[in-house]
Visitor: 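Have a look at this one before I ask anything.
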Amino acid sequence: MKYFYTFLFLLFTFLLTSCSEQEKPELIMVTNATFPPYEYVQNGRIDGIDPCIIKRIADRLGYQLKIQDMSFDSVIAAVQSGKAHVAASGITVTEERKKQVAFSIPYVIAKQVIIVPENSPIKNSTELKGKRIGVQHGTTGDLYVTEKIQNPERFTHGPLAVAALIAAKLDAVVVDSEPAEVYISQRKNLKILDEPLTYEEYAFAINRKNKELLDKFNRELQSMQKSGELKNIIDEYKSRHSANAADNKVESDTFFGKLGASFRINFIKENRYQYLLKGFFNTIHITFFSLILGIVIGFGVAIVRSTADLTGKMKLADFFCRIYLTVIRGTPVVVQLLIIYFVIFRSIDVDKIFVAIIAFGINSGAYVAEIIRSGIMSIDKGQMEAGRSLGLSYFQTMNQIILPQAFKNVLPALGNEFIVLLKETSVAGYIALDDLTKGGDIIRSQTYDAFLPLAAVALIYLIVVVCLSKLLGLLEKRLNKNE
Amino acid sequence: MSEVIFEIRNIVKKFKKLTALDNVSTTIKSGEVVFIVGPSGSGKSTFLRCLNLLETPTSGEIIFAGKNVTGHEIGLNKFRRQVGMVFQHFNLFPNLSILKNITLAPVKTHRMSRKEANEKAFELLKRIGLYDKKDSYPSQLSGGQKQRIAIVRALAMNPDVLLFDEPTSALDPEMVGEVLSLMKELAAEGMTMVVVTHEIGFAAEVADRIIFMDQGRIIADGTPEEVIENSSNQRVKEFFSKVL
């Protein structure tokens with residue numbers, strides 16, 4: 001038990017050091033970098049039309065630009081909650097969104113188009129009704145289709161929707177015209193219908209309270225528009241991207257030839273394997289520390305709960321523990337993660353990994369607590385009596401006699417919880433944390449290939465879980481030496 | 001042999017509706033070997049468990065070495081260090097080696113240093129002939145060996161009194177002897193002992209005093225001859241005619 005205090009100390013030392021400090025006036029921009037050519041990740045950097053325009057504006061206004069990548073359905077919330085100054089993510093101006101954030105003057109007029117397979121019977125937007133339509137969650141395409149046509153199938157990334165279309169899981173995909181051009185330039189059997197579904201304006205979203213920043217942005221945008229700088233940026237990125245995209249095509253006839261080429265594109269080219277590597281380390285980092293936090297919380301709660309059950313003391317602490325267990329076990333971990341990031345740490349600049357550790361640790365603690373408690377309750381009450389009859393205190397007996405036996409009994413269940421925890425961290429991408437799953441997503445959004453990145457991600461999780469099970473097996477064997 | 005170590009005044013123990021002890025009073029002198037006998041459910045185990053406060057009496061007082069130990073929890077752990085207990089089901093700690101089972105309490109309660117506790121344990125283990133088992137675990141021992149270790153574990157605290165709660169009831173018949181002979185040795189050495197048992201023959205042989213309990217009350221109290229052979233109480237006579 002002594003080690004727990006050491007662990008606790010190390011944990012908090014670590015957590016404290018991972019909070020970053022602010023030094024210069026920063027302009028934080030949020031985006032979802034899976035929307036080429038507006039924003040995408042290349043060589044580990046976020047680039048595109050939006051980052052380029054914002055960078056120029058930030059330079060002119062004397063800000064230090066910091067770009068954060070997150071899911072598209074979170075960018076507006078990030079601006080609204082004050083976590084970011086500006087959302088630049090090919091955001092279409094809509095009445096709904098205007099209620100939540102202020103928009104700059106539009107910098108692009110875009111359209112939503114319909115992508116269908118080459119041989120599709122769908123000829124125009126009126127024939128969409130009743131078909132399986134894919135969209136990127138939270139985009140204008142999503143809003144428009146939902147409102148005017150039907151409930152679509154919502155994907156986290158445009159390329160995923162296109163992959164589903166290729167796999168014949170969908171009849172049509174509605175996306176912005178520019179990325180649509182890029183998607184179909186890489187795939188032979190797709191086409192864009194001539195008639196666009198709708199026209200729309202792209203603008204930057206800024207917190208409604210920040211009038212001053214909005215005015216500055218509008219001024220700079222106007223001047224860039226007048227000088228032609230805006231148009232130059234957009235044209236430059238569009239042409240650069242269609243040239244790039246052509247490179248990603250897999251051209252080979254044999255199965256292994258295709259696989260090899262696909263492997264090179266997904267992992268070797270532009271050192272894309274590094275997304276997986278970095279994601280892997282982040283996943284392990286989060287899992288390890290939230291596991292320790294979970295064990296610390298779990299043991300504490302389990303001891304309070306079982307002390308209340310066994311002796312009738314600590315009623316108040318028991319009451320709070322019960323509330324904790326009910327709330328945490330009664331809500332999904334991803335919702336807890338989002339609440340902790342967007343609500344609890346709303347206006348505090350904290351490291352995302354820290355937030356993830358807190359969220360997953362608190363979540364896991366609830367399950368660990370009930371597992372440990374069941375272990376404590378399974379120990380014969382004669383053990384406690386024997387300890388007490390020798391003059392040991394309740395907590396001495398707990399530490400020396402009950403907990404070691406309880407821990408051994410519940411080790412398989414705990415091992416299972418740790419495996420679940422490892423895999424649950426895959427939702428960390430919701431707060432734009434580059435974990436292993438997100439690493440695979442980033443590669444997919446660049447290569448438009450679903451199979452290899454997903455297979456690689458799955459394989460890595462599998463290997464980690466197998467190793468973890470082996471370690472737990474060894475520990476179990478060691479603890480069983482006295483039987 | 002005359003100093004009073006336990007004075008029990010009017011203790012009552014109720015479990016919800018059941019009254020397990022109904023106004024029990026007695027005294028136990030230092031060096032006395034007291035056996036408590038009686039039919040199942042007569043309250044004898046509850047009485048024994050009240051003596052080291054594993055059960056808290058609903059009312060009444062227990063005076064130990066001149067101090068009232070009921071009613072305040074502060075001195076509880078200290079009090080229990082002076083009163084050892086041996087359980088029917090041994091209750092050895094399966095996660096600890098035999099040596100650790102014996103030395104855990106003396107070391108953790110700062111009664112002895114680790115070295116002193118080890119020496120004491122070695123001495124006791126040699127005495128019962130189980131020194132070679134010091135690094136074994138409880139699951140590797142027979143029932144009789146386990147119970148003798150449990151007695152040694154209680155002895156390692158140098159208690160003033162040893163309580164035995166049916167120490168041979170969970171043993172195979174051929175293992176009863178080894179436990180009883182150890183208890184006999186302790187009695188001969190002058191250890192104060194309170195024993196709840198069904199081994200009437202053994203009680204008759206070893207006891208200084210026998211207390212007969214029925215329905216939560218003491219209904220006979222005296223030397224073995226007085227209680228077993230010459231009791232005038234009908235209930236006591238009936239009981240011994242059946243078990244002897």
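Model, not experiment: these values are computed from the prediction.
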Visitor: Is a side-chain N or O of Arg81(B) found less than 3.5 angstrom from the main chain of Gly391(A), in a donor-acceptor match?
Guide: yes

Visitor: Rounded to the nearest 0.5 Å, what's the gap from CG on Asp165(B) to OG on Ser389(A)? Could you check?
Guide: 11.0 Å

Visitor: So do the side chains of Phe93(B) and Pro404(A) get within less than 4.5 Å of each other, counting heavy atoms only?
Guide: no

Visitor: Check whether any side-chain heavy atom of Asn77(B) lies under 4.5 Å from a side-chain heavy atom of Leu392(A), and answer yes or no.
Guide: no

Visitor: Which atoms of Gln383(A) come close to chain B, meaning under 4.5 Å heavy atom to heavy atom: side chain ones, backbone ones, both, or neither?
Guide: both

Visitor: So which of Pro106(B), Ser136(B), Ala105(B) has the largest heavy-atom pair count under 4.5 angstrom toward chain A?
Guide: Ala105(B)

Visitor: Who in residues 149-164 of chain B is close to chain A, using a strict under-4.5 Å heavy-atom cut-off?
Guide: Arg153(B), Ala154(B), Met157(B)

Visitor: Using only atom types and a distance under 3.5 Å, with no angle test, would you say the side chain of Gln405(A) pairs donor to acceptor with the backbone of Asn95(B)?
Guide: no

Visitor: Does Phe15(B) have more than 12 heavy atoms from other residues, nucleotides or ligands lying within 6.0 Å of its CZ?
Guide: yes

Visitor: Is it true that Arg388(A) and Asn52(B) share a donor-acceptor pair across their side chains at a distance under 3.5 Å?
Guide: no

Visitor: Hey, which of Val86(B), Val83(B), Leu104(B) has the most heavy atom pairs under 4.5 Å with chain A?
Guide: Leu104(B)

Visitor: Let me confirm one number: the CG-NE2 distance from Asp380(A) to His89(B), rounded to the nearest 0.5 Å.
Guide: 8.0 Å

Visitor: Should we count NZ of Lys278(A) as having more than 12 external heavy atoms under 6.0 Å?
Guide: no

Visitor: Does some side-chain heavy atom of Glu385(A) sit less than 4.5 Å from a side-chain heavy atom of Met85(B)?
Guide: no

Visitor: Is the CZ atom of Phe6(B) crowded by more than 12 outside heavy atoms at less than 6.0 Å?
Guide: yes

Visitor: Ignoring hydrogens and geometry, is there a side-chain-to-backbone donor-acceptor pair from Asn91(B) to Ala386(A) under 3.5 Å?
Guide: no

